[in-house]
Amino acid sequence: MKVWVDADACPVVIKEILFKAAERTGIKTTLVANKPLRIPISSCIDFILVSAGFDVADNEIVKRLLPGDLVITADIPLAAEVIEKGGNALGPRGEMHTADTIRSRLSMRDFMESLRASGVDTGGPAALKQGDRQAFANQLDKILCEYTGKASPGKIRKPPW
């Protein structure tokens with residue numbers, strides 16, 4: 001398993017949790033963004049700089065994704081593509097996207113987008129709170145423990161090999 005991070009909008013505190021997890025587990029973690037980012041020097045952490053543009057980073061992640069990989073993203077359409085390709089998608093608030101939940105999340109996202117397009121101010125996402133950070137760290141730890149065999153198998157999709 002490899003961890004991919006949709007890093008353009010990923011909160012710094014979530015990246016820090018990911019960096020610590022990569023070092024602790026040795027699982028390769030790659031951040032993908034269209035602007036340079038500071039990352040720790042580590043054999044477990046990589047960075048891919050893509051050109052600017054709509055969904056360029058998302059498309060790069062989907063292109064490189066293998067079944068069983070984990071993608072960290074708040075982007076619901078990207079999460080849907082990840083699941084369709086056999087990967088796992090985890091949001092920065094700790095929500096694990098699944099084939100059972102992604103359709104309703106896509107519908108809600110599309111509905112909110114149509115409201116915004118018609119001039120309704122829907123506001124943005126709430127600020128990341130301590131509880132969100134803890135939920136993310138707990139869910140990430142659960143996934144990594146399941147993958148490394150330090151916990152009983154759960155709902156993550158493992159690579160076919």
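For clarity, every value in this text was computed on a predicted model and none was experimentally measured.
- The shortest non-hydrogen separation linking A22 to T29 is CB-OG1, 3.4 Å.
- Separation of atoms CD (Q139) and CD1 (I17) is listed at 12.5 Å; rounding is to 0.5 Å.
- With a 4.5 Å cut-off on side-chain heavy atoms, T25 and L144 count as touching.
- A side-chain contact (heavy atoms from CB on, under 4.5 Å) with V50 holds for exactly one of D8, D55, V56; it is V56.
- Nearest heavy-atom pair, A7 versus L37, reported as atom, atom and distance to 0.1 Å: CB-CD1, 3.5 Å.
- Nearest approach of L70 to A89, heavy atoms of both residues: CD1-N, 4.4 Å.
- Residues passing the salt bridge (charged side-chain N to carboxylate O under 4.0 Å, His left out) test with D132, sequence neighbours excluded: R93.
- What you find for T101 and M96 is that their closest heavy atoms are OG1-O, 4.2 Å.
- The two residues I27 and M1 have their closest heavy-atom pair at CG2-O, 3.5 Å.
- Under the salt bridge (charged side-chain N to carboxylate O under 4.0 Å, His left out) criterion, K20 pairs with no residue, sequence neighbours left out.
- Between atom CD1 of residue I14 and atom CD of residue E16 there is a gap of 9.5 Å, rounded to the nearest 0.5 Å.
- Between A57 and D6, the shortest heavy-atom distance links the atoms CB-OD1, 4.4 Å.
- A donor-acceptor contact shorter than 3.5 Å links the side chain of D69 to the backbone of K2.
- Between W4 atom CH2 and D46 atom CG the span is 8.0 Å, to the nearest 0.5 Å.
- Under the side chain to side chain contact (heavy atoms under 4.5 Å, CB included) criterion, V62 pairs with L78, E81, K85, sequence neighbours left out.
- A 4.5 Å side-chain heavy-atom check between E23 and I45 finds at least one atom pair inside the cut-off.
- The CZ atom of R38 sits 14.0 Å away from the CG atom of L31 when rounded to the nearest 0.5 Å.
- Within the 4.5 Å cutoff, no side-chain heavy atoms of H97 are placed close to those of V82.
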